[in-house]
Amino acid sequence: MKRLSLAGVAGEAKLLLIGIPVLIWTMLPIYHLFLFAISPRDAAFSGNVWPEEPTLRNFQIVLNQDHYFLIHFWEQLANSLIVAIATGALTLLVATFAAFAISRLKVEGGRTVMNLALFTYFIPAAFLAVPMYRTMGIYGLLNSKWALILAMVTVASPYAIWVLKQASDKLPYELDEAAVVDGASPLQLFWMVYLPLMKPSLVAVGTYALLLAWNEYLYAFLLLSRDTEITLPVALGNFLAADDSPWELLMTTGLIYALPPAAIYYAFKRYMVSGLTAGAVKS
Amino acid sequence: MNTVAVSEADAEAPPKRRGWSPTRVWGTILLVPYILVFLFFVVYPVCYGFWLARDPQSYVQLFEDPIFVRSIFNTLVFLLIGVNLKMLVALLLSGFFLHDRIWIRWLSLIFILPWAVPSIPTILSVRFMLNPEWGVINQLIFRFTAEDGPNWLNDPTLGLTFSILVHIWKSLPFWTLILLSGRLAISKDLYEAASVDGASSVQQFRFVTWPSMKTLYVTCTVLSMIWTLGDFNSVYLLTGGGPADLTHVLATLGIRYLRLDQVNLSMAAIVTALPLVLPLVYFMMRRLSK
C-alpha cells in the first residue's frame, strides 16, 4: 500500500476524472441493451435506470420463438454459426497455405501475391460489396450460405495472410534447413515443423475471421434474403422495417447475439491483442 | 486500380525453366487457393464493376443528384472531423491507460467491449435511446422539464453527428490499443532523462512521446480513414441515410442506388470515391509492403 500524500490523491482524482466519463461513454449503449432485455415490455420505456421487476421473460420468448418475428430464431442462430465457422476454417486454410509458400518456400511471384492481398485489404468493404453482390448473382450463389462464406473469406484472407506472413518470417530458418537435411519434403515441413510453431498466430487469425463473419451485417444483408437462410444480424435489421417492432425482443435477441463474440474475445484475449495489434500496423 | 495492373505484369514475367524442384511445385500449389479466391471474388467483381460504371452519362446523372453531392460532403466531414477527433482522443486515452492501477486495468477490459461486440445490437440500442417518443433521453427530458425533447434523428446535422459519435464509440478502443502499444514501446530511459532535466508532463509529451509516435499516429490515421470510408453500419443502422436521404455517405449511397435498381449509378458513385481512396491506399502500400 502506497502512502497517501496530497499530490497522490490529486493525481488519483485527475485519473478518475477521465476514467468515470470513459466508463459511462463505453457502457451506455451496452447497458441500455441489457436494461431492455431484462425489463417487461412497458417498464422498458419508463426511463428508469433499473427495472422495478427485472424479468427473464424476454429471453424465454426469444428462445422459445414465441413471436412471429422470431419463428426462425434458432435456424438463424445456426446460420450465423455455420457461416462463422466455415469462414474461419476456410480463411485459415487459404491463408496458412499462402503464408507458408510465400514466407518459407519463397515461391516465385510470392511477393506479388502478397502485395495483391495487401491491396485487397485496403479496398473499403462497402465498396466491394456492390460488385460482389452482382458477381454472386452471376455465379448463381445468391441466397446460399456459400455466397456469404466466400465473400467473408475474400475479405478476411488478405489480412490473415499478412499477419501469418509477418509471424512466419520470425521463425528461424535453421529449423527448415535441419528438416530438409533430414529429408523432409515441403509438405512434411509444413505439417511437422511449421504448423506447430505457428499455433498462437493461427488461433488469432482463425478467431479474427470467425468474429468478422459472425459480426458481418452488410454482406449478409445483401447476399441472403430467405428467412431460413439469413443470419441473425439480418433478422435483427429486418425488425426495423416493421411499424410495431417488439423492441424489448429485438434488444434481447441482440444481446444473445452479442454474447458469443464478447466471450470469445475475452477467452482468447492474450492471442487476439498481441496478434492483431502487431499485425494491424507495422510501425 | 493501376497498382494491380503493374503488379500483375510482374507476376507474368516468364518463369525460369530451370526444373521444377519439389519446393517450387509445392509453393505454387499452396498459393493456388488464394489466387483463385482473388481472381473470382476480387478481380472479376472489380472489372465487372468498372464495366458497369463505363457510361459517362452515369456521372452526369450522379453529379446532378443533390443526394450524391450531399453524401460527398458528409463523407468528407466523417473523414476530416470524425477520424481526426477519434485519433486525437485515442492518443490522449492511450496515455491514460498507461497508468498502472488495478482499476484502470479493469476499465481497459470494459473499454474494449464496443470493439468486441457486433455493431448491430449496440447501434440499434443507440437508435432507440434517440427515439423521440419512447427513447430514454427524451423520457428524461420530459421528466425534468415536462416538455417534449427534440426529434433527434430527424435533423440531418444531428443525425450525422450521432452517426459520427457511434462510429467513434465503436472504433475508439481499437486505435487506443494500437497507440497504447506504441507508447509502451518507447524506452523508459528517455522519460527518466527528461524528468531529470525537469521536463513537465506536457514537455515530456512534446519532446519524447510525440516524436516517437508521429509515424505510427499518421499511419493509423490514414488506415482509419480507409476503413471509415467503408463504414456502412454507423450511418445505415442509425439513420438509414435519412431524414430525406441527407445523411448518406458514399458507403451507404452505393447500396441505396443498388436497392433502387440503379446499379450503374451505384458503381459510378463508388468509382468517384477512388480519387479519395487511391492516394490513401498508395500511402499504406508504401508503408507496409517494404
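Because the structure is a prediction, the values reported are computed rather than measured. The chains referred to below are lettered A, B, ... by the order of the sequence lines, with proteins before strands, and numbering in each begins at 1.
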- Carefully, step by step, assess Phe122(A) and Phe283(B) under the rule side chain to side chain contact (heavy atoms under 4.5 Å, CB included). CA-CA 11 Å; Phe122(A) 293 134; Phe283(B) 176 89; over 6 Å; no

- Message: The criterion is side chain to side chain contact (heavy atoms under 4.5 Å, CB included); which residues satisfy it with Glu12(A), sequence neighbours excluded?
- Response: Arg101(B), Trp103(B)

- Task: May I have the step-by-step check of side chain to side chain contact (heavy atoms under 4.5 Å, CB included) for Trp25(A) and Leu165(B), ending in yes or no?
- Result: CA-CA 10 Å; Trp25(A) 163 261; Leu165(B) 288 177; 4.2 Å; yes

- Message: Under 4.5 Å from any heavy atom of chain A, what part of Ile137(B) do you find: side chain, backbone, both or neither?
- Response: neither

- Message: Would the distance check show the side chain of Trp227(B) and the main-chain N or O of Pro124(A) forming a donor-acceptor pair, the cut-off being under 3.5 Å?
- Response: no

- Message: Taking side chain to side chain contact (heavy atoms under 4.5 Å, CB included) as the criterion, tell me which of Thr120(A), Leu93(A), Ile102(A) meets it with Tyr34(B).
- Response: Thr120(A)

- Query: Measuring heavy-atom distances to chain A, does Val263(B) have an atom under 4.5 Å in its side chain, in its backbone, in both, or in neither?
  - Reply: side chain

- Heaviest contributor of heavy-atom pairs below 4.5 Å to chain A, chosen from Val126(B), Thr228(B), Ile255(B), is Ile255(B)

- Checking heavy atoms, do the side chain of Leu36(B), its backbone, both or neither come under 4.5 Å from chain A? neither

- Item | Which atoms of Leu258(B) approach chain A - backbone, side chain, both or neither, heavy atom under 4.5 Å | side chain

- Task: Kindly indicate whether the side chain of Leu93(B), heavy atoms from C-beta on, has any atom under 4.5 Å from the side chain of Ile18(A).
- Result: yes

- Query: So, for Phe119(A) and Phe38(B), is the gap between ring centers shorter than 6.0 Å?
  - Reply: no

- List the steps and the verdict of side chain to side chain contact (heavy atoms under 4.5 Å, CB included) for Thr154(A) and Phe40(B). CA-CA 9 Å; Thr154(A) 309; Phe40(B) 279 100; over 6 Å; no

- Applying side chain to side chain contact (heavy atoms under 4.5 Å, CB included) to Ile230(A) and not counting sequence neighbours gives Gln76(A), Leu224(A), Asp227(A), Val234(A), Ala235(A), Asn238(A)

- Message: Between Val117(B), Val277(B), Leu92(B), Ile270(B), who has the most heavy-atom pairs with chain A when the cutoff is under 4.5 Å?
- Response: Ile270(B)

